[in-house]
Amino acid sequence: MFNAEKVKNDIVKWIQDWFEENGKGCNAVIGISGGKDSSIVAALCVEALGKDRVIGVLMPNGDQFDIDVSYALVKHLDIKHYVMNIKGAFEGVVNEINREFGEISVLAKTNLPPRLRMAMVYCVSQNVNGRVANTCNLSEDWVGYATRYGDGAGDFSPLGRLTVQEVKAVGRVLGLPSMFVDKTPIDGLQDKTDEDNLGFTYAVLDRYIREGICEDPEIKEKIDYKHKTNLFKLELMPTFEYTPED
């Protein structure tokens, strides 16, 4: 049985210990999307470090239709925040790629905003004596639903071992309003939900992760394939092992 209260307390203590060892006196810097993961990570950091040591970074790409949720989150937590629009950087990169290749690929265009946002978060972090929070959860990591060196990056990961259902339970224990915990995530490109893009629900995925049960063999095969082909995202970069000769 998942004990959300205990897990929440354990994560808070873990964040405190991590900062004591890896950034004593530093601030936690979090890219705020308004979704459950960034909202819950921000709330955990506030409880662990105090609101004065938590900084949110809002990064719309031009106009963001749901940015009001991000504003509501930083107001709810009463944390300092910066708004950094990545539109200029995004369009600059796309224009350069189009000039050389005719047209940017769909995959490259999809992954570019998360990578620009992570570059922005780190830039802000280095100006405010910060450490960058990763906001991925176990369910996303399991099937590779994160951009390498984009939203998959960070200095510490409070939710990396929790499934979506478990993350939501922690959010509720933290007392976050439903608008933050239950907000349906979309890709920001075609307005498809994460589950539309994956081809299965997080509830099905989470049960498979925790219990090894998936009643639909086609979905099980799809999950297994995504897990296997995306494991490299969770591993350190392969390095040639060189041993100097005597």
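Residue numbers run from 1 in the order of the sequence given.
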From CA spacing to verdict: side chain to side chain contact (heavy atoms under 4.5 Å, CB included), R172, D182: CA-CA 10 Å; R172 295 187 183 100; D182 298 308; 2.9 Å; yes
Pair K87 + D63: basic N to acidic O under 4.0 Å: no
Closest contact, heavy atoms only, V29 versus G130: CG2-CA, 3.9 Å
Side-chain donor/acceptor of S125 to backbone N/O of V121, under 3.5 Å: no
Donor-acceptor contact present, side-chain S139 to main-chain V164, <3.5 Å: yes
Which atom pairs, donor and acceptor, lie under 3.5 Å between side-chain atoms of residues 34-49 and protein residues at least two apart or in another chain?
| residue | atom | partner | partner atom | Å |
| --- | --- | --- | --- | --- |
| D37 | OD1 | N137 | ND2 | 3.1 |
| D37 | OD2 | N137 | ND2 | 3.3 |
| S38 | OG | S33 | N | 3.2 |
| S38 | OG | S33 | OG | 3.3 |
| S39 | OG | G35 | O | 2.7 |
| E47 | OE2 | K8 | NZ | 2.7 |

Chi angles and distances behind the side-chain hydrogen bond (donor to acceptor under 3.5 Å, both in side chains) call for D151, Y145: CA-CA 10 Å; D151 53 326; Y145 201 69; over 6 Å; no
Within-4.5 Å side-chain heavy-atom neighbours: V57 and I32: no
Residues R207 and E215 bridged, charged N to O under 4.0 Å: yes
Lys/Arg-Asp/Glu bridge criterion (N-O < 4.0 Å) met for K220, D216: no
L234-F232 co-clustered via ILVMFWY side chain contacts under 4.5 Å: no
Criterion side chain to side chain contact (heavy atoms under 4.5 Å, CB included) on N27 and V54, from CA distance to verdict: CA-CA 6 Å; N27 299 304; V54 181; over 6 Å; no
Verdict with reasoning, L112 to V93, per side chain to side chain contact (heavy atoms under 4.5 Å, CB included): CA-CA 9 Å; L112 180 57; V93 173; 3.6 Å; yes
Least distance between heavy atoms, Y122 atom then G154 atom: OH-C, 3.3 Å
Q16, CD atom: more than 12 neighbouring heavy atoms under 6.0 Å: yes
Donor-acceptor contact present, side-chain K168 to main-chain V181, <3.5 Å: no
More than 12 heavy atoms from other groups under 6.0 Å of CD on E21: no
Donor-acceptor under 3.5 Å (N85 side chain, G62 main chain): yes
salt_bridge(E166, R210) N-O dist < 4.0 Å: yes
Shortest non-hydrogen contact from N134 toward S157: OD1-OG, 3.1 Å
Polar side-chain atom of N127 near backbone of C123 as donor-acceptor pair, under 3.5 Å: yes
Side-chain touch L58/Y82, heavy atoms, less than 4.5 angstrom: no
Separation between OG1 of T193 and CG of L198, rounded to the nearest 0.5 Å: 8.0 Å
Sub-4.5 Å side-chain heavy-atom contact between L205 and I223: yes
D155 side, atom CG; R131 side, atom CZ - distance, nearest 0.5 Å: 6.5 Å
Minimum-distance pair of heavy atoms, taken over all atoms of Y149 and M237: OH-CE, 4.0 Å
Atom pair CZ/CD1 of R115 and I86 - distance to nearest 0.5 Å: 13.0 Å
V173 backbone acceptor or donor facing E5 side chain under 3.5 Å: no
Check: R53 side chain, C26 main-chain N or O, donor-acceptor pair, under 3.5 Å: yes
Single-linkage hydrophobic cluster L77~I30, side-chain heavy atoms < 4.5 angstrom: yes
Residue pair E195 / F200, side-chain heavy-atom distance below 4.5 Å: no
Same cluster (ILVMFWY, side-chain, under 4.5 Å), M59 and F65: no
Test log, rule side-chain hydrogen bond (donor to acceptor under 3.5 Å, both in side chains), inputs Q64 and D66: CA-CA 6 Å; Q64 181 179 322; D66 60 349; 3.0 Å; yes
F19 vs F156, ring-ring contact (aromatic ring centres under 6.0 Å, His included): CA-CA, chis, key distance, verdict: CA-CA 9 Å; F19 270 84; F156 66 106; 5.1 Å; yes
Derivation of the salt bridge (charged side-chain N to carboxylate O under 4.0 Å, His left out) call for K228 and D224: CA-CA 6 Å; K228 181 178 180 180; D224 288 340; over 6 Å; no
Under 3.5 Å side-chain donor-acceptor pair for Q165 and D206: yes
Closest approach of W142 to H227 (non-hydrogen atoms, all atoms of both residues): O-ND1, 2.8 Å
Side-chain heavy-atom pair K226, K222 within 4.5 angstrom cut-off: yes
Spacing of CG belonging to D68 relative to NZ belonging to K75, to within rounding of 0.5 Å: 12.0 Å
Nearest atoms (heavy-atom pairs only) where Y242 meets E245: OH-N, 4.4 Å
Euclidean distance, N98 CG relative to E91 CD, rounded to 0.5 Å: 11.0 Å
Parallel, tilted or perpendicular, as decided by the 30° and 60° cut-offs, for the rings of H76 and F180: tilted
Distance in Å, L73 CG paired with I67 CD1, rounded so as to fall on 0.5 Å steps: 12.0 Å
D17 bridged to K13 by N-O distance under 4.0 Å: yes
Hphob cluster co-occupancy, V128 + V132, side-chain heavy atoms under 4.5 angstrom: yes
Parallel, tilted or perpendicular: rings of Y71 and H81 (30°, 60°): perpendicular
Path from V7 to L176 over hydrophobic side-chain contacts below 4.5 Å: yes
K233 side-chain N/O to A146 backbone N/O, donor-acceptor pair under 3.5 Å: yes
N/O donor-acceptor pair under 3.5 Å between T243 side chain and E241 backbone: no
